[in-house]
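First up is the structure itself, then whatever we jot down about it.
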Protein chains: 2
Amino acid sequence: MARSDLSETARRLHSGAIRLLRMARAADDESGLSAPKLSALSVLAFGGPQSLSGLARAEQVTAATMSKLVGDLEAEGLVAKRTDRNDRRGVRIAVTARGRALMEKGQKARLALIRARLATLSDAERAVLDQAAALMLRLAGSPP
Amino acid sequence: MARSDLSETARRLHSGAIRLLRMARAADDESGLSAPKLSALSVLAFGGPQSLSGLARAEQVTAATMSKLVGDLEAEGLVAKRTDRNDRRGVRIAVTARGRALMEKGQKARLALIRARLATLSDAERAVLDQAAALMLRLAGSPP
DNA sequence: TCATTTAGTTAGTCAAACTAACTTTCTGCT
DNA sequence: AGCAGAAAGTTAGTTTGACTAACTAAATGA
């Protein structure tokens, strides 16, 4: 593949990802939670209880930002925060059942949008996207 | 493809797109412009001069938000704004040479990141991503 | 023991998003 | 022609989410 083809693929991939996420974002309003909140809940739901700084790192924001956001989530009963028994400087943050339910609802709506669109494709096309998803995660340095 | 496979593909595609864009965002700081500004400049650079409301629609924000942002871009000499001769209620906004240069620089940096990652893949894998990009644009209802 | 580092919180600031209110211009109907 | 309603854009006010700076408490290692 020539250099210009690489650039073209990069450009279209970038553009495709942006548009796909914009489309999926339309479903977020239903949960009544912002994207940052949903995202943090998702990290907790899938990764289990975290320290505040761990959560901030996962979300690529500062501890100050995450401290505020977690405070809000706690006030809304979506996470529970308590002193870390192994290191009393820190806290452990866990998602509550309510928080998990809301997060799953939000995610379900988002994925339903994508899934409905996927259903309009052929099996071969879907297989392409399946492989591409794994490649994209690899490109970004994340585990699939 | 079964329903659960569809959901899994949707989940991984969603996740892959998020991570890919997060990775690409690392390059944005170099241009000294925010993502919203770069995005608006991009729309103007590729789509030609626009009305303010057209630009707001393309970026999926309100006219108020875009009015402020365009005001800033104009102050920075990156766009030129003038009354629309055909409808004096409105304005035409065009990217300046300076704005275009900055936008292209920013985009170049972003795509370079993706391209470098693409270079680590096999030809077959790249072909998969190329096809996937077109499919993603189709899924999102955008022209490739 | 103590200097340094780490974990988290709070205050202040800024950008970007929204809504509301407003002015100007356009459109279409009477 | 006149006018009501709609469209285009601007400004003010508010909220959220991001950052930095400053701080306290706890942990670490010399």
Side-chain angles (χ1 to χ4, degrees), chain A residues 18 21-22 25-44 49-76 78-94 102 106, chain B residues 18 21-22 25-44 49-76 78-94 102 106:
Chain A
I18 287 177
L21 289 184
R22 263 202 208 135
R25 205 180 299 146
D28 284 352
D29 290 346
E30 295 191 18
S31 60
L33 285 179
S34 66
K37 284 181 178 176
L38 279 172
S39 190
L41 284 174
S42 183
V43 170
L44 292 170
Q50 315 263 342
S51 67
L52 189 131
S53 46
L55 192 52
R57 245 183 328 261
E59 293 291 278
Q60 295 175 349
V61 298
T62 63
T65 300
M66 189 51 72
S67 184
K68 172 75 170 52
L69 190 140
V70 164
D72 291 345
L73 288 175
E74 194 187 20
E76 290 161 41
L78 305 182
V79 301
K81 195 168 65 163
R82 67 178 174 186
T83 308
D84 185 344
R85 285 203 214 89
N86 297 318
D87 183 343
R88 293 163 50 74
R89 291 174 302 185
V91 295
R92 301 301 289 180
I93 303 155
L102 250 197
Chain B
I18 289 176
L21 290 185
R22 261 200 211 136
R25 205 181 299 144
D28 283 353
D29 291 346
E30 295 191 15
S31 60
L33 286 178
S34 65
K37 285 181 177 176
L38 280 172
S39 191
L41 284 174
S42 183
V43 169
L44 292 170
Q50 314 264 341
S51 68
L52 189 132
S53 45
L55 192 53
R57 248 185 321 265
E59 292 291 278
Q60 294 174 352
V61 297
T62 63
T65 300
M66 190 50 74
S67 183
K68 173 75 168 53
L69 191 141
V70 164
D72 291 345
L73 289 175
E74 193 186 21
E76 290 161 40
L78 305 181
V79 301
K81 194 168 67 162
R82 67 180 177 185
T83 307
D84 186 342
R85 286 201 213 89
N86 297 319
D87 183 346
R88 293 163 49 77
R89 290 174 299 186
V91 295
R92 300 301 290 180
I93 302 154
L102 251 196

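Only this structure's heavy atoms are used, side chains among them; waters, hydrogens and symmetry mates stay out. Quick note on labels: first sequence line is chain A, next is B, and so on, each numbered from 1.
When rounded to the nearest whole Å, the span between CZ of B:Arg88 and P of D:dA6 equals 24 Å. Between the P atom of D:dA27 and the CZ atom of A:Arg85 lies a distance of 14 Å, rounded to the nearest Å. One interatomic measurement links the two molecules: CG of B:Asn86 to C1' of C:dT25, which rounds to 14 Å at whole-angstrom precision. Computed from coordinates, the A:Lys37 NZ to D:dT16 C1' distance equals 8 Å when rounded to whole Å. Across the protein-nucleic acid pair, B:Asp72 atom CG and C:dC14 atom P stand 13 Å apart, rounded to whole Å. In this structure, the CG atom of B:Leu69 is 12 Å from the P atom of C:dC18, given to the nearest Å. Atom CD in B:Glu59 sits roughly 8 Å away from atom P in C:dA17 (whole-Å rounding). Taking atom CZ of A:Arg57 as the reference point, atom P of C:dT6 lies 11 Å away to the nearest angstrom.
Residue A:Lys68 places none of its side-chain N or O atoms closer than 4.0 Å to OP1 or OP2 of D:dT20. One finds no side-chain N or O of B:Ser67 lying less than 4.0 angstrom from the OP1 or OP2 phosphate oxygen of D:dA8. Using a 4.0 Å cut-off, some side-chain N or O of B:Ser53 falls inside it from OP1 or OP2 of D:dG9. For the pair B:Lys81 and D:dT10, the criterion of a side-chain N or O lying under 4.0 Å from OP1 or OP2 is met.
Atom OG of A:Ser51 sits about 10.5 Å away from atom CE of A:Met66, to the nearest 0.5 Å. Atoms CG and CG, from A:Leu44 and A:Leu55 in turn, are 5.0 Å apart once rounded to the nearest 0.5 Å. Atom CZ of A:Arg85 and atom CZ of A:Arg92 lie 10.5 Å apart (nearest 0.5 Å). A distance of 8.0 Å separates CG of B:Leu73 from OG of B:Ser34, quoted to the nearest 0.5 Å.
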**OP:** Could you please spell out the steps behind the side-chain contact (heavy atoms from CB on, under 4.5 Å) verdict for B:Leu102 and B:Glu76?
**Re:** CA-CA 11 Å; B:Leu102 251 196; B:Glu76 290 161 40; over 6 Å; no
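Taking only side-chain atoms of A:Ala64, from C-beta outward, the nucleotide of D:dG9, C:dC26, D:dC19 with the closest atom is D:dC19. You'll find that the side chain of A:Thr62 is closest to D:dT20, out of C:dC26, C:dA17, D:dT20. Considering only side-chain atoms of A:Leu52, the nucleotide from C:dA17, C:dG8, D:dT10 that sits closest is C:dG8. Ranking D:dG9, D:dA27, C:dC26 by closeness to the B:Asp87 side chain, first place goes to C:dC26. In this structure, the nucleotide among C:dT5, C:dT19, C:dT10 sitting nearest to the side chain of A:Arg89 is C:dT5.
Among the atoms of the strands shown, base atoms are found under 4.0 Å from some heavy atom of A:Thr65.
Nearer the 5' end of DNA chain D, as judged by each residue's closest nucleotide, is the contact made by B:Val91, out of A:Pro36 and B:Val91.
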